[in-house]
Amino acid sequence: MSAVGMRPWPFVLLWGTGTPEERGGPRFRHCTLNGDVPDSFAACHPTLPIAKAMTPRRSPLRADAQRNRQHLIATATEVFASGQAISLDAIARRAGVGNATLYRHFPTREDLVEEVYRDQIRPLRDDALVLLETERPAEALHAWMRRFADWASERRGICEALVAMSASGRFGTGPVCDEVQRILAMMLKAGAEAGELRSDIDPIDVGSILASVLSVAGAPEQRDQLGRLLTIVVDGLRPR
């Protein structure tokens with residue numbers, strides 16, 4: 001096929017350095033030199049394992065598997081709302097399914113916690129939009145972080161889940177973390193465009209810092225300390 005008229009291939013392989021085991025295989029980066037790459041490419045992370053990019057979507061769950069999954073989520077929702085400290089195995093027993101079934105759907109406690117709170121995180125995006133309309137971007141970010149802290153303190157287990165995901169490098173890979181990352185990215189962009197916040201900040205890093213702050217000052221009686229820590233965080237994001 002002639003190269004004339006062909007669109008540039010939108011990926012460039014990145015092999016990196018070191019041995020194949022150290023490199024972990026080929027990677028790609030989106031290339032937008034021709035200016036007409038679809039917007040959906042830009043929404044992706046700039047580098048991903050090529051095998052992941054080519055992995056087909058999972059097949060839909062069978063009806064019985066879907067019922068088990070939904071029953072596990074409903075049972076966990078009740079448990080977390082009650083404030084009980086309960087193991088995953090106990091949640092499985094209460095839901096009437098085997099441990100293997102629970103771990104097949106939710107390999108870790110963090111996975112289950114995030115799924116329970118998937119829909120409850122979405123109103124925080126509306127809060128962010130309202131704050132950006134009524135406050136300067138840096139102050140809007142500060143206020144939103146306090147609202148997120150209030151939201152998290154009312155939901156048993158979410159702070160611990162976020163801290164665990166941050167420590168393991170998984171922050172930004174689940175429904176709650178994904179939405180937190182998107183909200184922070186929106187607010188950081190607004191702050192950078194206004195000249196109030198640095199333009200080189202990764203929202204995943206800010207989310208991890210926020211999770212760490214909540215791990216030491218997330219209790220209702222620690223609100224004064226939380227406010228001081230969040231002030232330090234936002235000040236650290238300002239351009240120098």
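The shown structure was predicted, so the numbers you read here are calculated from the model rather than taken from an experiment.
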Could you pull out every donor-acceptor pair under 3.5 Å between side chains of residues 231-240 and any protein atom, sequence neighbours left out?
| from | atom 1 | to | atom 2 | distance (Å) |
| --- | --- | --- | --- | --- |
| Thr231 | OG1 | His142 | NE2 | 3.4 |
| Thr231 | OG1 | Gly227 | O | 2.9 |
| Asp235 | OD1 | Arg238 | NE | 3.4 |
| Arg240 | NH1 | Asp235 | O | 3.3 |
| Arg240 | NH1 | Arg238 | O | 3.0 |
| Arg240 | NH2 | Asp235 | O | 2.9 |

Query raised in the report: Applying the side chain to side chain donor-acceptor pair (under 3.5 Å) test to Glu179, which of Arg118, Arg122, Arg125 qualifies?
Result: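 Answer to the side chain to side chain donor-acceptor pair (under 3.5 Å) test with Glu179 among Arg118, Arg122, Arg125: Arg125.
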Requested in this report: Compare all side-chain heavy atoms of Ile204 with those of Leu184 and state whether any distance is below 4.5 angstrom.
Outcome: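 Contact flag for Ile204/Leu184 side chains = no.
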Query raised in the report: Any side-chain heavy-atom pair from Val116 and Phe106 closer than 4.5 angstrom?
Result: no
Query raised in the report: Donor-acceptor pair, Glu114 side chain versus Cys177 backbone, under 3.5 Å?
Result: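 Present.
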Report task. Say whether, by atom type as modelled, one donor and one acceptor occur between the side chain of Trp144 and the main chain of Leu132 under 3.5 angstrom. Result ->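 Not at all, since once roles are kept as given, no pair shorter than 3.5 Å links the two residues.
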Query - Any residue meeting salt bridge (charged side-chain N to carboxylate O under 4.0 Å, His left out) with Arg67, in chain and number order, not counting sequence neighbours - result: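 Per chain and number, Arg67 pairs via salt bridge (charged side-chain N to carboxylate O under 4.0 Å, His left out) with no residue.
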Query raised in the report: Is it the case that one hydrophobic cluster holds both Val130 and Leu188, taking links as side-chain heavy atoms less than 4.5 Å apart, direct or via other members?
Result: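 Cluster IDs for Val130 and Leu188 differ.
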Report summary line: Of Glu221, Gln222, Arg223, the one forming a side-chain contact (heavy atoms from CB on, under 4.5 Å) with Gln225 is Gln222
Requested in this report: Mind jotting down which residue pairs meet the salt bridge (charged side-chain N to carboxylate O under 4.0 Å, His left out) criterion with at least one end in residues 127-136? Sequence neighbours excluded, please.
Outcome: Asp127-Arg147, Arg136-Glu196
Query - Interatomic distance, Ile209 atom CD1 to Leu229 atom CG [nearest 0.5 angstrom] - result: 11.5 Å
**Report entry** Salt-bridge criterion met for Arg69 and Glu115 (N-O under 4.0 Å)
**Finding:**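 Yes, this pair counts.
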Report task. Assess the side chains of Asp111 and Thr108: does a donor N or O sit below 3.5 Å from an acceptor N or O? Result -> yes
